[in-house]
Amino acid sequence: MRTVQAVAWKEIQIYFSSPTAYIVGLIFLALTGFFFTQDLGNPFPEATLVPFFDGAIIMFILLAPALTMRLLAEESKLGTIELLLTSPVRDWEIIIGKYVASLTFFLALVILSFFYAALLFVFADPDPGPIYAGYLGFILYGAAALSVGLLTSTMSSNQIVSAVVAMGILLAMFFADRAFGSVSGLAGEIIGEMGVRGHFDDFSRGVIDTTNIVYFLSVVVFFLFLSIRTLESRRWR
Amino acid sequence: MQPDMIQAEGLTHYYGPYPAIQDVSFGVRKGEILGFLGPNGAGKTTTMRIITGFMPPTHGKVTLDGYDVVEQSLEARRRVGYLPETVPLYTDMSVNSYLKYMGTLRGMSPKAIKARLGEVIDVCRLGDYRKTQIGKLSKGFRQRVGIAQAIIHEPQVLVLDEPTIGIDPIQVVETRRLIKELGKDQTVVLSTHILPEVSMLCDRVLIINEGKIVAEDTPKNLAAGLQGVDRLEVEVGGPAAEVLPVLKAIRGVNEVAHTNNDGRHTYTIQAESGQDLRDAISQAVISNGWSLRGLQMVGMSLEEIFLRLTTHEEL
Ligand SMILES: Nc1ncnc2c1ncn2[C@@H]1O[C@H](COP(=O)(O)OP(=O)(O)O)[C@@H](O)[C@H]1O
Ligand SMILES: [Mg+2]
């Protein structure tokens with residue numbers, strides 16, 4: 001446990017002192033702010049955060065990989081992975097530590113974005129249900145996206161490659177239901193179920209459905225598991 | 001007899017179709033400094049990565065203090081301190097926080113780290129650089145930080161892959177001093193392609209070439225006995241044309257080579273194994289009325305042994 005903590009703490013310190021993370025944070029807050037005000041500028045503004053969440057999700061296809069690409073790729077590049085893997089540390093402790101760090105930084109961004117929600121509450125009379133649910137959905141989506149990025153960072157020593165591959169996976173997951181909606185039968189249904197959209201839209205409509213929560217948590221577990229296995233397999237190469 | 005601290009049996013490792021090392025077996029006794037000597041690409045790094053548990057061998061088995069590095073990997077890894085050839089460091093961390101971090105990864109409690117940190121910094125002479133960012137240190141100092149992280153948890157086995165490569169001569173001296181010191185109470189395995197380094201540091205040396213161990217001995221024995229030839233250097237004041245045949249005629253002399261350095265005639269004599277020819281030589285020189293200006297036994301240099309061993313020459 002101490003190891004997980006140490007790994008996480010070191011990465012968190014790097015997040016809060018690295019320009020990349022700040023740029024990502026800035027882009028995130030600026031663009032979500034833009035989506036947010038766009039909606040308020042409508043002649044008949046709905047007091048909701050739906051466009052904000054939609055924008056945030058799409059942006060996170062690009063931003064999550066930027067946050068995670070460094071995590072293990074950098075260790076491979078610097079060679080510090082050799083010290084990490086020869087220390088009496090279990091592979092899952094490394095992966096979980098790194099993951100917790102990225103999640104912490106992500107949650108800090110989410111907390112900053114509460115500002116928009118607060119504005120909404122001050123100047124309008126929104127239905128709080130969809131906002132709470134939307135935030136829950138967004139946090140779950142972010143957690144899933146970060147786990148995808150962590151996997152690709154484990155696979156390559158090149159940060160850019162890692163980020164691009166993660167974006168590809170996230171895009172595929174985002175469009176899965178649309179792209180394969182026409183595929184009929186069980187296969188089409190299964191692929192459709194793997195799509196992010198269907199599971200996220202419920203949240204922003206204010207519906208908290210356990211299946212959707214289970215979906216995102218399964219994605220996280222699946223990609224963390226793959227990351228651990230990938231790290232293990234590095235030894236065998 | 002105590003069991004070996006490291007026991008490697010039949011290590012073979014394939015990166016692709018070709019073996020990087022083949023059937024490498026050796027043991028390292030507790031407290032011993034073992035040197036791996038071999039040219040680039042010989043398989044030193046591969047061997048070190050296997051004994052430190054970084055990667056499992058394709059075939060073979062290593063135990064460390066009795067623990068199998070693959071099967072009981074965590075137990076084995078607890079006992080190792082490792083300095084990889086590339087000296088990997090987190091360049092944006094300070095020396096202090098880096099060492100603390102590495103201590104934690106090695107399973108030390110914050111209290112234990114606090115107690116040990118000062119010691120390590122003293123031993124590695126890093127006192128003035130505790131707060132310095134590692135990226136700003138010179139190569140030599142980084143090397144010391146690398147050694148510091150390898151010893152912070154007081155491992156039973158210290159593995160150093162080419163610990164003096166790429167640093168300036170003064171730092172090399174300092175690093176060797178440090179290794180010598182650490183070797184007093186730790187088991188050390190180091191690799192190098194610098195021949196004098198093994199004779200300076202190691203109790204025993206394994207010569208590895210093209211993935212195979214080609215010789216094993218103490219540096220001294222390698223330099224003297226192993227090749228079955230004893231050598232003498234004689235400086236004689238006298239006409240070389242006459243001296244040469246006289247020296248060659250001495251019983252037990254196999255070969256004589258003559259060099260002339262500005263009128264200083266030196267003869268290098270290869271004697272048959274185990275014979276001390278100094279008396280016979282000095283008598284022969286003096287009885288011919290020449291002057292004997294110098295006479296000494298010289299072992300073969302490690303360079304020569306190395307060349308012989310690795311170029312498949314008959315000894
Ligand atoms: N990661 C790797 N992938 C493929 N071949 C490798 C790898 N590492 C080393 N080799 C090859 O294995 C052989 C032994 O290398 P190495 O153990 O690094 O030797 P040394 O440390 O003695 O220079 C070399 O021929 C080298 O090219
Ligand atoms: Mg090497």
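The analysis underlying the following values was restricted to heavy atoms, covering all of them including side chains, and did not include hydrogens, waters or symmetry mates. Nothing here was measured: the structure is a model prediction, and the numbers come from that model. Note on naming: letters A, B, ... go to the chains in the order of the sequence lines (proteins, then strands), and numbering restarts at 1 for each one.
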Please tabulate, for the side chains in residues 61-69 of chain A, all donor-acceptor contacts under 3.5 angstrom to protein atoms that are two or more places apart in sequence or on a different chain.
from: A:Thr68; atom 1: OG1; to: A:Ala64; atom 2: O; distance (Å): 3.1
from: A:Thr68; atom 1: OG1; to: A:Pro65; atom 2: O; distance (Å): 3.4

Toward chain B: residues of residues 215-226 of chain A with heavy atoms under 4.5 Å: none

Please classify the contact of B:Tyr101 with chain A as side chain, backbone, both or neither, using a heavy-atom distance under 4.5 Å. side chain

Heavy-atom distance under 4.5 Å between the side chains of B:Asp122 and B:Glu119, does that happen here? no

Short question: side chain of B:Gln149, backbone of B:Tyr82 - any donor-acceptor pair under 3.5 Å? yes

Between B:Ser109 and chain A, which part of the residue has a heavy atom less than 4.5 Å away: side chain, backbone, both or neither? both

Side chains of B:Arg79 and B:Val157, heavy atoms from C-beta outward: is any pair under 4.5 Å? no

Salt bridge (Lys or Arg N to Asp or Glu O under 4.0 Å) between B:Asp168 and B:Lys139: does it pass, once the steps are laid out? CA-CA 8 Å; B:Asp168 70 66; B:Lys139 270 191 166 177; over 6 Å; no

Is the distance between the ring centroids of A:Phe53 and A:Tyr141 under 6.0 Å? no

Go through the atoms of B:Met108 and report whether side chain, backbone, both or neither lie under 4.5 Å from a heavy atom of chain A. backbone

Around A:Tyr132, counting heavy atoms of other residues, nucleotides and ligands shown, do more than 12 lie under 6.0 Å from its OH? no

Scanning both residues in full, the closest heavy-atom pair of A:Leu231 with A:Thr154 reads N-CG2, 3.7 Å

Please state whether the rings of B:Phe141 and B:Tyr129 are parallel, tilted or perpendicular, taking 30° and 60° as the class boundaries. tilted

What residues of residues 85-104 of chain A make heavy-atom contacts with chain B at a cutoff under 4.5 angstrom? A:Leu85, A:Thr86, A:Ser87, A:Pro88, A:Val89, A:Arg90

Has the side chain of B:Lys44 got a donor or acceptor atom that lies under 3.5 Å from a matching backbone atom of B:Gly38? yes

Heavy-atom contacts under 4.5 Å, residues 1-19 of chain A to chain B: A:Arg2, A:Thr3, A:Ala6, A:Val7, A:Lys10

Would you find more than 12 non-hydrogen atoms of other residues, nucleotides or ligands less than 6.0 Å from B:Lys136 atom NZ? no

Check: B:Thr187 main-chain N/O paired with B:Arg29 side-chain donor or acceptor under 3.5 Å: no

Heavy-atom count around A:Phe114 CZ within 6.0 Å, excluding the residue itself: above 12? yes

Among B:Arg77, B:Met102, B:Arg78, B:Met93, who wins on heavy-atom pairs under 4.5 Å with chain A? B:Arg77

Any donor-acceptor pair under 3.5 Å from A:Ser76 side chain to A:Leu72 backbone: yes

For the residue pair A:Phe203 and A:Phe200, categorise the inter-ring angle as parallel (less than 30°), tilted (30 to 60°) or perpendicular (more than 60°). tilted

Applying a strict 4.5 Å limit to non-hydrogen atoms, the region of B:Leu89 in contact with chain A is backbone

